[in-house]
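Only one structure is covered here, and it is reproduced in the block below.
Whatever order the structure lists ligands and atoms in, that order sets their numbers, starting from 1. The first residue in the sequence is number 1, and the count goes up from there. Note that the structure is predicted; figures quoted are calculated from it, not measured.
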Amino acid sequence: MRYISTRDEDHQVSPGQALGRGLAPGGGLYVPEAFPNLSLDALLELEDPIDLSTALLAPFLEPDLDPEQVRRIVSRALNFDLPLTDYDGSARVLELYHGPTAAFKDVGAGFLSAAFGELKQTGRTIVVATSGDTGGAVAQAFADVPSERVVILYPRAMVSARQEQQLTCWPDHITSIRVDGSFDECQRLAKQALNDETLCDQLNLTSANSISIGRLLPQMSYYAISSLAAHRIHGSNSHYVIPTGNLGNALAAIWLRTLGFPIGKIVLATNANRTIEDYLKEGVWSPGETVATLASAMDVGNPSNMERLNHLLPELETLRNSVSAFAVQDEAIAAQIRSDYQAHGRIWCPHSASAAVVYQQLQRDPSEHWILVATAHAAKFHDIVEPLIDAAIPVPEALAAIFARPSRVQDMAPDWSAFRSILNRLHVSG
Ligand SMILES: *Cc1c(COP(=O)(O)O)cnc(C)c1O
């Protein structure tokens with residue numbers, strides 16, 4: 001498999017190089033040059049999630065990683081349950097929040113960390129801009145890998161208290177920076193660092209954002225596992241509603257459908273940041289200022305992965321037939337959390353609740369099989385959710401351990417010179 005840049009088809013790299021670099025030169029994003037031909041019949045036989053994910057991902061990683069290495073990486077990334085549970089009798093919920101930091105980001109972060117290990121790519125500095133959950137998942141995945149440095153940028157006042165704890169409670173090789181700005185500003189600073197050749201050489205910089213191919217590829221696994229499981233039962237396609245911010249999670253589902261998996265409609269649920277819905281409606285890409293919402297991990301005004309989606313589906317009409325997107329206001333998210341707790345005892349996090357809001361508004365045929373994607377555990381957002389349901393949310397064990405640790409953070413203005421001097425200090429201190 002070769003990877004090309006969205007901005008330069010002649011720039012081709014191997015999977016290991018794409019993983020190692022994060023961002024292509026000139027700011028492009030890596031995409032597969034062509035999607036492999038997989039035999040769906042053969043994959044349908046693989047009921048074990050690790051067997052299936054290994055068969056799915058190995059072609060994307062050869063020749064740099066052999067199938068045994070891919071199996072070890074996948075075993076680390078998917079070392080927790082991914083249950084499909086009943087929602088309301090008409091749809092099911094794919095719960096992606098049973099990992100070590102209780103958000104779907106654990107899959108990509110665990111994969112990236114294990115892949116760097118297998119590729120013997122060590123001595124790196126991994127820069128990650130986070131809207132809340134990525135940073136915690138990446139820190140957790142690299143906490144026991146002191147040969148690597150991790151630098152986390154997160155927007156002050158746009159993450160929950162428990163997310164902030166998860167971003168700041170790590171050993172010394174992990175630096176947490178609280179930026180006086182938005183996620184988009186954090187993302188811009190991360191990209192600027194990755195485009196700075198001197199810093200890249202000095203610090204061996206790479207990215208762990210959802211712009212990294214090492215995050216996107218493993219996210220295809222849970223769509224493969226759930227769509228094939230449903231296909232074995234119903235013999236038909238599954239349709240998905242996916243909470244969406246930077247479009248990394250949903251892009252994995254779209255790529256998987258491109259591979260021929262039994263996936264029908266893909267519906268994106270965003271919060272009040274409505275850039276994607278407006279784009280599909282009006283055909284003009286006009287990223288707005290980031291709006292702060294209850295679903296803060298989706299507070300993204302300029303979703304990076306749209307560049308990959310546009311590369312896959314350059315025609316607007318094709319894109320419109322491929323995905324739809326609906327923006328959900330905070331009031332609707334809050335009302336859904338309340339009513340689904342009362343009706344079904346389900347406790348949504350605010351992000352996952354946006355998928356439920358959109359699902360309820362869709363015109364559906366009763367014969368269709370729908371899956372709502374739940375992206376984080378509600379206990380990470382207890383300050384929002386508990387008052388709405390008027391009940392205490394049990395805290396998963398792994399989260400409780402994280403909450404008990406001491407935390408450490410430095411503040412920074414959202415400007416490049418401030419960030420560059422922090423990175424320079426890291427270089428000097430070795
Ligand atoms: C990151 C995140 C999202 C958005 O995922 P994208 O891949 O950025 O679209 C949704 N929900 C939660 C809980 C998240 O952490």
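- Nearest protein heavy-atom neighbour of atom 4 (C) of ligand 1: Gly245 N, 3.5 Å.
- Counting only residues at least two apart or on different chains, the side-chain hydrogen bond (donor to acceptor under 3.5 Å, both in side chains) pairs with a member in residues 251-267 are Arg257-Ser322, Lys265-Glu368.
- For the salt bridge (Lys or Arg N to Asp or Glu O under 4.0 Å) condition, the pairs that include at least one residue of residues 154-167, sequence neighbours left out, are Arg156-Asp180, Arg156-Asp411, Glu164-Arg178.
- Residues His11 and Tyr30 place their aromatic rings such that the two centres sit under 6.0 Å apart.
- For ligand 1, the atoms sitting less than 4.0 Å from at least one non-hydrogen atom of Lys105 are 1 (C), 2 (C), 3 (C), 14 (C), 15 (O), numbered in the order shown with element in parentheses.
- Side-chain contact of Ser90 with Tyr359: a donor-acceptor pair under 3.5 Å is present, judged by distance alone.
- Within ligand 1, counting atoms from 1 as listed, the ones closer than 4.0 Å to a heavy atom of Gly248 are 6 (P), 7 (O), 9 (O).
- The heavy-atom pair separating Tyr87 from Val93 by the smallest distance is CB-CG2, 3.6 Å.
- Closest to atom 12 (C) of ligand 1, if we only count protein heavy atoms, is Thr375 OG1, 3.3 Å.
- When each atom of ligand 1 is checked for a heavy atom of Asp133 under 4.0 Å away, the hits are 12 (C), 13 (C), 14 (C), 15 (O).
- The aromatic rings of His234 and His369 lie parallel to each other, with less than 30° between the two planes, well short of the 60° mark.
- Ligand 1 has at least one atom lying under 4.0 Å from a heavy atom of Phe104.
- Residue Met298 approaches ligand 1 through these ligand atoms, each under 4.0 Å from one of its heavy atoms: 3 (C), 4 (C), 10 (C).
- Ligand 1 has no N or O atom lying under 3.5 Å from any N or O atom of Pro243, backbone or side chain.
- For the side-chain contact (heavy atoms from CB on, under 4.5 Å) test with Val357, the passing option among Val328, Val241, Asn271 is Val328; the others fail.
- Nearest protein neighbour of atom 7 (O) of ligand 1, counting heavy atoms only, is Asn249 N, 2.8 Å.
- Looking at Asn246 against ligand 1, both its backbone and its side chain come within 4.0 Å, counting heavy atoms.
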